[in-house]
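Reckoned from all heavy atoms, side chains included, excluding hydrogens, waters and symmetry mates. Just so you know, these numbers come straight off a predicted model, no measurement behind them.
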Amino acid sequence: MATIGQIVEQTSASDALTRARQRAALVPDCMVEARRIANTVIAGWHGRRQRGIGENFWQFRPYAEGESFARIDWRRSARDDHTYIRDHEWEAAHTVWLWADLSPSMMYKSTLASVSKESRALVLMLALAEILARSGERIGCPGVMEPISARNAAERLATAVIHTPLINGLPDTTMIRGSSDIVLIGDFLDDADRIMEKIAPLARRGLRGHVVEIADPAEESFPYSGRTEFIDPETGERLVSGRAEGLRDDYRRAYLARRENLGEQLRRLGWSFVHHSTDHLASEALVAVHMYLSGTPPLVSRSNTP
């Protein structure tokens with residue numbers, strides 16, 4: 001029997017950070033520029049701009065009686081007969097919680113992909129941390145790192161992951177308070193209803209969620225034929241099929257139905273759902289998630305179509 005997939009060694013967070021920065025560099029400047037997010041942070045990233053305390057220039061507007069003379073822009077006012085105020089934008093840091101599931105099933109890598117699901121999940125998590133940190137956002141990881149606002153948040157998250165390995169499955173979110181965003185990255189191969197039992201309470205608490213499903217291309221296409229042995233990485237249970245190709249159609253129907261069911265239930269909660277395959281560029285999923293976080297959903301919610 002020819003081997004199509006294997007369980008790989010766990011990726012170190014420091015190596016993943018290097019790749020994360022490379023992936024982040026692929027995102028267009030408008031996606032990584034700090035000002036773009038800072039300008040939409042107020043009111044939960046709903047795209048509303050409002051004047052207030054901040055460093056970024058927003059607009060000139062006519063002076064109104066009673067306002068401080070210190071805010072007058074004399075250079076702009078000298079151009080005509082009116083007096084103008086220089087407004088800045090109200091900047092407020094937003095908290096984004098990032099989580100990558102590193103369950104045993106995430107260690108899978110087939111010959112159709114260049115990286116394991118676990119490696120891609122770490123890269124996406126750290127790349128998001130890198131981009132959001134540039135924007136001045138607070139980055140946290142449930143049970144691993146309290147939210148921080150720092151330019152080196154990605155490095156600090158990578159270090160925290162090294163010293164506090166991420167647990168399997170969905171994280172404990174009891175420490176999350178107030179309105180925040182949470183990005184959950186994993187393969188989500190459990191039954192959709194079971195997953196939603198854990199996610200629905202988060203939505204009821206007011207968390208805005210974004211789920212990124214990571215899949216290996218072999219899991220989607222089921223390229224097996226002949227006598228094939230399947231091993232469950234979670235339990236070690238084995239299944240031997242004499243003619244694996246006979247299972248293909250039923251498997252794909254069940255696999256895709258699970259994904260559609262999960263995606264539909266998440267959308268009903270107001271959460272976003274992005275599907276990503278490890279034979280595609282990580283930047284595709286990165287752009288899609290970043291757009292959801294910015295309040296401007298992409299035209300297509302999946303980074304690729306199986």
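- Distance alone, capped at 3.5 Å, places no donor-acceptor pair between the S77 side chain and the R75 backbone.
- With a 4.5 Å cut-off on side-chain heavy atoms, I214 and L124 count as touching.
- With a 4.5 Å cut-off on side-chain heavy atoms, P147 and W97 count as touching.
- The shortest distance between side-chain heavy atoms of V183 and V289 falls below 4.5 Å.
- Between A153 and A133 the shortest heavy-atom distance is CB-CB, 3.8 Å.
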Full working for side chain to side chain contact (heavy atoms under 4.5 Å, CB included) between I131 and H290
CA-CA 9 Å; I131 292 174; H290 189 273; 3.5 Å; yes

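- Residues passing the side chain to side chain contact (heavy atoms under 4.5 Å, CB included) test with R243 are E245, sequence neighbours excluded.
- Atoms CG and CG, on L202 and L269 in that order, are 9.5 Å from each other to the nearest 0.5 Å.
- Residue pairs meeting the ring-ring contact (aromatic ring centres under 6.0 Å, His included) criterion with at least one partner in residues 128-153, sequence neighbours excluded, are absent.
- One distance of note links CH2 of W99 with CG of L184; it measures 9.5 Å at 0.5 Å rounding.
- Connection of F230 to Y108 is established within a shared hydrophobic cluster, with ILVMFWY side chains joined at heavy-atom distances below 4.5 Å, either directly or through further cluster members.
- For the atom pair R248 CZ and S225 OG, the distance stands at 6.5 Å (nearest 0.5 Å).
- Each of E213, R120, E284 was checked for a side-chain hydrogen bond (donor to acceptor under 3.5 Å, both in side chains) with H276, and the lone residue meeting it is R120.
- Annotation for R156: atom CZ does not count as buried by contact number, only 12 or fewer foreign heavy atoms lying within 6.0 Å.
- Annotation for A218 and D216: closest pair N-OD1, 2.9 Å, computed over non-hydrogen atoms.
- Here the closest non-hydrogen pair linking L98 and L157 is CD1-CD2, 4.4 Å.
- Here R259 pairs with E220 in a salt bridge; the nearest charged N to carboxylate O distance falls below 4.0 Å.
- With sequence neighbours excluded, the residues forming a side chain to side chain contact (heavy atoms under 4.5 Å, CB included) with R204 are A200, P201, listed by chain and number.
- With hydrogens and angles disregarded, no donor-acceptor distance shorter than 3.5 Å links the side chain of E137 to the backbone of L132.
- A side-chain donor-acceptor contact under 3.5 Å links S149 to the backbone of G136.
- Annotation: side chain to side chain contact (heavy atoms under 4.5 Å, CB included) contacts of P217 (sequence neighbours excluded): S110, L112, A113, S277, T278, D279.
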Could you go through the side chain to side chain contact (heavy atoms under 4.5 Å, CB included) check for V212 and F188 one step at a time?
CA-CA 9 Å; V212 183; F188 300 98; 5.9 Å; no

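- Residue pairs that meet the side chain to side chain donor-acceptor pair (under 3.5 Å) test with at least one member in residues 182-199, sequence neighbours left out, are S105-D187, K117-D187, D193-Q265.
- Scanning both residues, R252 and S221, for their nearest heavy atoms gives NH1-CA, 3.6 Å.
- Counting only heavy atoms from C-beta outward, the side chains of R138 and H94 never approach each other to under 4.5 Å.
- Separation of atoms CG (L128) and CG (D181) is listed at 11.0 Å; rounding is to 0.5 Å.
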Go through it in stages, so that I can follow the logic: the residues are S116 and M107, the test is side chain to side chain contact (heavy atoms under 4.5 Å, CB included), and I'd like the CA-CA distance, side-chain angles, deciding distance and then a yes or no.
CA-CA 6 Å; S116 69; M107 309 303 165; 5.7 Å; no

Apply side chain to side chain donor-acceptor pair (under 3.5 Å) to residues T173 and R205 and explain how you reach the verdict.
CA-CA 10 Å; T173 61; R205 283 167 45 196; 3.2 Å; yes

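- Summarising the geometry, atom CG belonging to L266 is positioned 4.5 Å from atom CE belonging to M196; distances are rounded to the nearest 0.5 Å.
- The minimum heavy-atom distance linking H210 with Y292 is given by the pair ND1-CB, 3.7 Å.
- Note: L256 CG to N261 CG = 12.5 Å, rounded to the nearest 0.5 Å.
- The minimum heavy-atom distance linking W271 with L207 is given by the pair NE1-O, 3.3 Å.
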Step by step, would you call D101 with E118 a side chain to side chain contact (heavy atoms under 4.5 Å, CB included)?
CA-CA 8 Å; D101 178 16; E118 174 264 354; over 6 Å; no

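- Scanning for ring pair (Phe, Tyr, Trp, His ring centres under 6.0 Å) contacts around Y255 gives Y251, with sequence neighbours left out.
- When side chains are defined from C-beta on, E219 counts as touching L189, because their heavy atoms get closer than 4.5 Å.
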